[in-house]
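Let me begin by presenting the structure, written as structure tokens, before commenting on it.
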Number of protein chains: 2
Amino acid sequence: MAASDGTTERIRDAAIARFGRDGFGAGLRAVAADAGVTAGLVVHHFGSKERLRQACDEHVLAVMREQKTKALTDGTAGMLMAQLAEVEQYAPIVLYLLRSLQAGGELAVALIEQMTADAEEYLAAGEAAGVVRPSKDPAARTRYLAYQSAGGMLLWFTLHGSTADDDAFAASFRRYVEEIAPPALELFTQGLLVDRSMLDDFLMYVPDPPADER
Amino acid sequence: MAASDGTTERIRDAAIARFGRDGFGAGLRAVAADAGVTAGLVVHHFGSKERLRQACDEHVLAVMREQKTKALTDGTAGMLMAQLAEVEQYAPIVLYLLRSLQAGGELAVALIEQMTADAEEYLAAGEAAGVVRPSKDPAARTRYLAYQSAGGMLLWFTLHGSTADDDAFAASFRRYVEEIAPPALELFTQGLLVDRSMLDDFLMYVPDPPADER
DNA sequence: TGCGTGATTGAACAAGCGTTTAACGTAGGT
DNA sequence: ACCTACGTTAAACGCTTGTTCAATCACGCA
């Protein structure tokens, strides 16, 4: 995993892995044990648990920016992280990112912002190439797509992604992308509603659907 | 809401409100104080914190089913909860549901299942009425839409929904729905991609990627 | 050689957690 | 009037948490 194997970096990486696995409620002693040190040393190096998490955030953010996201958000967004997770070494970082999304905080906001920025660029390029339809409000569309795809991924992770093993996680991730890709592409190519003229009907249809029983 | 104002129900409602506000990490003493009792009495009535949460889950689930979800998942899914949150008295329950989605667990799965079932029914009705396009895999499409919309809502709540006040929460919720509705409708009516080439490429590629195990 | 500085440990601490226990008060039944 | 059962409280217990502290270890430098 690179990063000179100094003790500080080793603790930081152990914290990323442990927080990704168990969430930020994980104790300092567990992190310390993973790194082969004591709890006292952790706080000696980082000052406090919160500053440890800040260090983790910064490192993850640095890796993210370094990867330069050649992987585009294709609208499903899972592709981006799936590609990362496939490289086995990045699975802990992807897990940590998902935990951050789950917990909120600055890193989560930064993640969504970067995803949105990437999607914006990607969609604009697609539009220029004549592949993507123009939008009445491109920024709103981009934000909507980013939230939906990242949120869907987060929800999937919360409900079914609580796997302990990194490889199993990557495999599960691949399965998720494969599952959502077909309906996503279908929606993106043909839409959901028959045509534009139905929009008003749709809006009036929404308040009360056919009162079928069940 | 109501429920006879017995002490047990009062504690349960206080727990729903407190868990919704602070998450499930909230302490029993805080719940007890909200209900005007002591921590010991809470466990005397419910046995343990986990069983208290189970009682909360069951009650919330009962209210959900009782409301009969005339509010459909219109694909944005937020509509459902927004309509609920508008009735001020249901705001705590909606908050509790979001916390459950955030934490995972049985209630979260049940919520998504119910949303999916409602969406299935609604989409089938729309398709029969000629408003909704047919899908190659309707179940997959429904699941995809449910996860995306519920997940987007969850993510929004995690990042920006940490409001303390119930009314402010309902108002914020309304704003969220208003923000995502236009791009959602645009996507649903016109799609995102101009032609089917991407879908065709994908469908030809997907049948056999490197034959991984499973 | 000796000194000193930083890494590292193990123990201790205070606070919070969920839970247990003993006691008290009060109402109802016989 | 006694006894019982139950609602309720306050205190304590055991555990875990993050953090602090003193002591130990190792190594670079004079």
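Convention: sequence-line order gives letters A, B, ...; per-chain numbering from 1. Values in this document were obtained by computation on a predicted structure and should not be read as measured data. All values below were derived from every heavy atom in this structure, side-chain atoms included, with hydrogens, water molecules and symmetry-related copies excluded.
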- Task: Would you give a per-nucleotide map of nucleotides 13-27 of chain C, 5' to 3', where B means the base has a protein non-hydrogen atom under 4.0 Å away, S means only the sugar-phosphate does, and - means neither?
- Result: ----BBBB-------
- Go through DNA chain D in 5' to 3' direction and return only the first and the last nucleotide with some atom under 4.0 Å of chain B's heavy atoms.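 Endpoints of the contacted stretch of DNA chain D: D/dG7 to D/dA12.
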- Looking only at heavy atoms, what is the nearest atom pair of A/Gly104 and B/Leu159, with distance?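 A/Gly104 and B/Leu159 have their closest heavy atoms at CA-CD2, 4.2 Å.
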- Exercise: identify the closest heavy-atom pair between B/Ala103 and A/Thr158: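 Minimum heavy-atom contact is C-CG2, 4.0 Å.
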- Task: Drop me the distance from A/Leu111's CG to A/Glu106's CD, to the nearest 0.5 angstrom.
- Result: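 If I round to the nearest 0.5 Å, the distance is 13.0 Å.
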- Item | Distance-only donor-acceptor check, side chains B/Arg51 and B/Gln54, under 3.5 Å |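 Absent: no donor and acceptor within the cut-off.
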- Looking at A/Phe19, does the NZ or CZ of A/Arg53 lie under 6.0 angstrom from its six-membered ring centre and within 45 degrees of the ring axis?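 Ring-cation test returns no.
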- Message: Can you tell me if A/Thr7 touches the phosphate of C/dT8, counting only side-chain N or O atoms and a distance under 4.0 Å to OP1 or OP2?
- Response: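 For A/Thr7, the contact criterion (side-chain N or O under 4.0 Å from OP1 or OP2 of C/dT8) is met.
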- Does the separation of the ring centres of A/Tyr90 and A/Tyr96 fall below 6.0 angstrom?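 No, they do not, as the ring centres are separated by 6.0 Å or more.
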- Message: Within the structure provided, determine whether B/Arg12 and B/His45 are in side-chain contact (heavy-atom separation under 4.5 Å).
- Response: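 Sidechains of B/His45 and B/Arg12: no contact.
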- Side-chain (A/Arg10) to main-chain (A/Ala35) donor-acceptor, under 3.5 angstrom: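 Yes.
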